[in-house]
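Labels below follow one simple rule: chain letters A, B, ... track the order of the sequence lines, proteins then strands, and each chain is numbered from 1.
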Amino acid sequence: MTREPVVLGIETSCDETGVGIVRGRTLLANVIASSMDEHARYGGVVPEVAARAHLEAMNPTIEAALAEAGIGLDAVDAIAVTSGPGLAGALMVGVGAAKALAVATGRPLYAVNHLVGHVGADVLADEPLEYPTIALLVSGGHTSLLVVRDLVGDVELLGETIDDAAGEAFDKVARILGLPYPGGPQIDRVAAGGDPKAIHFPRGLMQPKDDAKHRYDFSFSGLKTAVARWVERAEDAGEEVPVADVAASFREAVVDVLLTKAFRASADFGIPRLLLGGGVVANARVREEAARRAGLAGVSLRIPPLSLCTDNGAMIAALGAQLIMAGHRPSELGFGADSTLPVTEIQVARS
Amino acid sequence: MLLAIDTSAGSSVAVVDGDLVLAENSTEDTMRHAEVIGDMIRQTLDDARVEPRQLDLVVAGMGPGPFTGLRVGIAAARAFALGIGRPVVPAVSHDAVAFDEWSAGVRGAVLVVTDARRREVYWSSYDLTDAGAVRSDGPALCRPDELPYPDFERIDATQIGAGALGRVVRLQRERGEQPEFTEPLYLRSPDVTMPGARKRVTR
Ligand SMILES: [Zn+2]
């Protein structure tokens with residue numbers, strides 16, 4: 001393929017049905033249908049509700065992406081799809097649709113890794129990403145710290161959450177504070193007037209004793225429990241709960257752990273580059289504090305535009321295009337949805 | 001000429017031309033719908049020596065069937081139809097089983113029963129007359145000991161044949177019948193627990 005390939009990417013790993021189209025490194029379309037509103041009443045993502053919504057949104061989202069790109073399917077050179085990690089039943093909708101679309105159009109199919117896709121989103125930025133880079137990917141579904149030496153060939157997992165994802169912790173603490181789902185924006189909103197130093201909440205896996213086994217891992221379940229204890233104690237004492245201070249202090253603890261570990265990895269590996277991705281990057285405090293610490297540490301910080309940080313199909317298309325341009329062969333059609341796909345498997349079932 | 005896809009039980013794909021099944025591939029494996037669907041569509045087209053653009057429509061078996069697998073076939077049928085710019089026609093999967101019985105000469109009232117897991121079954125009842133197989137009730141979900149129409153001949157099916165589904169849809173279209181169900185026949189609400197009052201972590 002001499003010209004830059006036009007790739008249509010399909011993403012259904014959680015609650016966003018994402019279809020994106022790229023030409024090489026150029027974004028042509030990025031359409032997302034979210035079932036978040038349906039999950040709001042349950043206080044979290046319900047896998048079966050998400051999977052049902054994916055099925056209903058799939059074709060309309062593909063059509064909307066083609067319309068946004070102003071092209072027909074005949075102009076698409078290849079299809080890319082998320083094989084994992086994510087919710088199995090949700091992933092299967094995208095996998096089934098992508099395979100059928102590939103056979104119907106006679107186009108090659110690239111089955112790719114969702115987490116590496118988050119990193120791949122950055123190739124759509126104006127300047128090319130430099131490697132190696134540390135990548136911190138934080139959402140309601142994952143909290144992962146990676147070292148990316150080559151987007152299409154060498155990605156290593158340094159650490160991940162051993163219990164809740166950071167986004168999940170935001171949702172749970174929002175619930176403790178009587179705030180609606182999703183918790184991230186709610187915590188951000190009420191924390192605006194609060195004092196982040198008012199309460200010192202525990203930082204998970206940050207003790208010297210954690211260093212041997214969990215130097216780059218995360219844990220947010222203890223933090224969530226600490227917030228609940230603190231709120232219950234205040235309520236039992238008949239005190240009014242200082243919601244703004246609790247939210248700000250909780251958020252500070254999460255941001256502190258995330259960034260301390262990310263910059264620690266950067267220093268340990270001598271890699272002065274950090275890429276952020278995932279929906280939690282929408283959090284203003286995460287971005288602000290990352291920029292501050294990056295300035296202090298002399299680390300160059302990359303944050304893709306928000307629409308490419310949350311789960312989306314464009315990042316999957318972008319990774320697919322990179323694989324094609326690197327000469328990778330398409331995936332065999334027999335792959336499945338792999339809810340625990342390791343990050344080292346950038347492309348699945350390569351032929 | 002049509003492509004029919006059903007994953008309400010195992011997985012089955014067929015190319016049907018008129019009343020003729022040109023090719024059909026099936027597996028009773030109920031765990032690997034997403035894995036097999038792509039190769040199965042491609043193989044069936046190859047077996048039939050048919051190019052995707054020669055097809056006029058795509059038939060999607062809408063169930064009833066266990067959710068996760070059922071969705072794979074519907075997603076595939078819809079995306080395939082989009083890919084060739086042809087319509088997708090939804091069909092009740094049990095209709096294929098009744099049609100097979102009818103084709104084999106069975107007449108009278110029958111009850112098609114398939115596994116719904118969690119100790120429940122899906123059922124649909126049909127009248128099989130010389131004119132054809134007409135669904136009289138269902139599809140519905142119940143416990144095996146609560147099945148209605150005990151005097152009907154019971155047909156337990158473990159596989160839905162896409163060839164039969166394609167043939168029955170062709171007949172229904174010839175008679176000018178519109179699809180009765182256009183959405184997946186889950187017949188069960190998603191398993192969710194509404195959040196109750198917050199539980200204390202301290203006593
Ligand atoms: Zn994600």
Colleague: Provide the closest heavy-atom pair for Val93(A) versus Ala75(B) in the form atom of the first, atom of the second, distance.
Modeller: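 Result for this residue pair: O-CB, 3.6 Å.
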
Colleague: Please classify the contact of Leu45(B) with chain A as side chain, backbone, both or neither, using a heavy-atom distance under 4.5 Å.
Modeller: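 Only the side chain of Leu45(B) comes within 4.5 Å of chain A.
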
Colleague: Side chain from CB out, backbone as N, CA, C, O: work out which of these in Met58(A) comes under 4.5 Å of a heavy atom of chain B, or both, or neither.
Modeller: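 It is neither, since no heavy atom gets under 4.5 Å.
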
Colleague: Non-hydrogen atoms of chain B under 4.5 Å away: do they reach the side chain of Leu55(A), the backbone, both or neither?
Modeller: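 Both parts, backbone and side chain.
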
Colleague: Under 4.5 Å between any side-chain heavy atoms of Glu56(A) and Pro184(B), yes or no?
Modeller: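 Yes, their side chains come closer than 4.5 Å.
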
Colleague: With a 4.5 angstrom heavy-atom cut-off, is it the side chain or the backbone of Thr7(B) that approaches chain A, or both, or neither?
Modeller: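 Neither part.
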
Colleague: Would you compute the distance between atom CD of Glu332(A) and atom CD of Glu35(B) and round it to the nearest 0.5 angstrom?
Modeller: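 Interatomic distance, Glu332(A) CD to Glu35(B) CD, rounded to 0.5 Å: 14.5 Å.
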
Colleague: Side chain, backbone, both or neither: which part of Glu38(A) has a heavy atom under 4.5 Å from chain B?
Modeller: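 Contact with chain B involves no heavy atom of Glu38(A) at all.
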
Colleague: Which bit of Ile176(A) comes within less than 4.5 Å of chain B, counting heavy atoms only: side chain, backbone, both or neither?
Modeller: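 Interface part for Ile176(A): both.
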
Colleague: Below 4.0 angstrom, N of the basic side chain to O of the carboxylate: do Arg52(A) and Glu183(B) qualify?
Modeller: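 No, no charged N to carboxylate O under 4.0 Å.
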
Colleague: So with a 6.0 Å cut-off around CZ of Arg175(B), is the heavy-atom count from everything else above 12?
Modeller: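 Count over threshold, so yes.
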
Colleague: What closest approach, in Å, do Val201(B) and Ala228(A) show between heavy atoms, and which atom pair accounts for it?
Modeller: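 Nearest pair, atom of Val201(B) first, then Ala228(A): CG2-CB, 3.6 Å.
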
Colleague: Which answer fits Val95(A), side chain, backbone, both or neither, if we ask what part of it has an atom under 4.5 Å from a heavy atom of chain B?
Modeller: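 The answer is the side chain of Val95(A).
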
Colleague: With side-chain contact (heavy atoms from CB on, under 4.5 Å) as the test, pick out the partner of Val103(A) among Thr44(B), Ile41(B), Leu3(B).
Modeller: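 Filter result, single survivor: Ile41(B).
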
Colleague: Drop me the distance from Ile74(B)'s CD1 to Asn59(A)'s CG, to the nearest 0.5 angstrom.
Modeller: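 That separation rounds to 11.5 Å.
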
Colleague: If you look at every heavy atom in Phe80(B) and Ala100(A), which pair is closest and at what distance?
Modeller: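 So the minimum-distance heavy-atom pair works out to CD1-O, 3.4 Å.
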
Colleague: Can you measure from CG (Asp236(A)) to CZ (Arg200(B)) and round to the nearest 0.5 angstrom?
Modeller: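 Reported value, rounded in 0.5 Å steps: 4.0 Å.
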
Colleague: Could you check whether any side-chain N or O of Lys99(A) sits under 3.5 Å from a backbone N or O of Ala34(B), counting only pairs where one atom can act as donor and the other as acceptor?
Modeller: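 Yes.
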
Colleague: Looking at every non-hydrogen atom in both residues, tell me the closest pair between Ala97(A) and Ala79(B) and how far apart they are.
Modeller: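 Closest pair (atom of Ala97(A), atom of Ala79(B), distance): O-CB, 3.3 Å.
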
Colleague: Relative to chain B, which segment of Val76(A) carries a heavy atom at a distance below 4.5 Å: side chain, backbone, both, or neither?
Modeller: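 Contact with chain B: none, neither part.
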
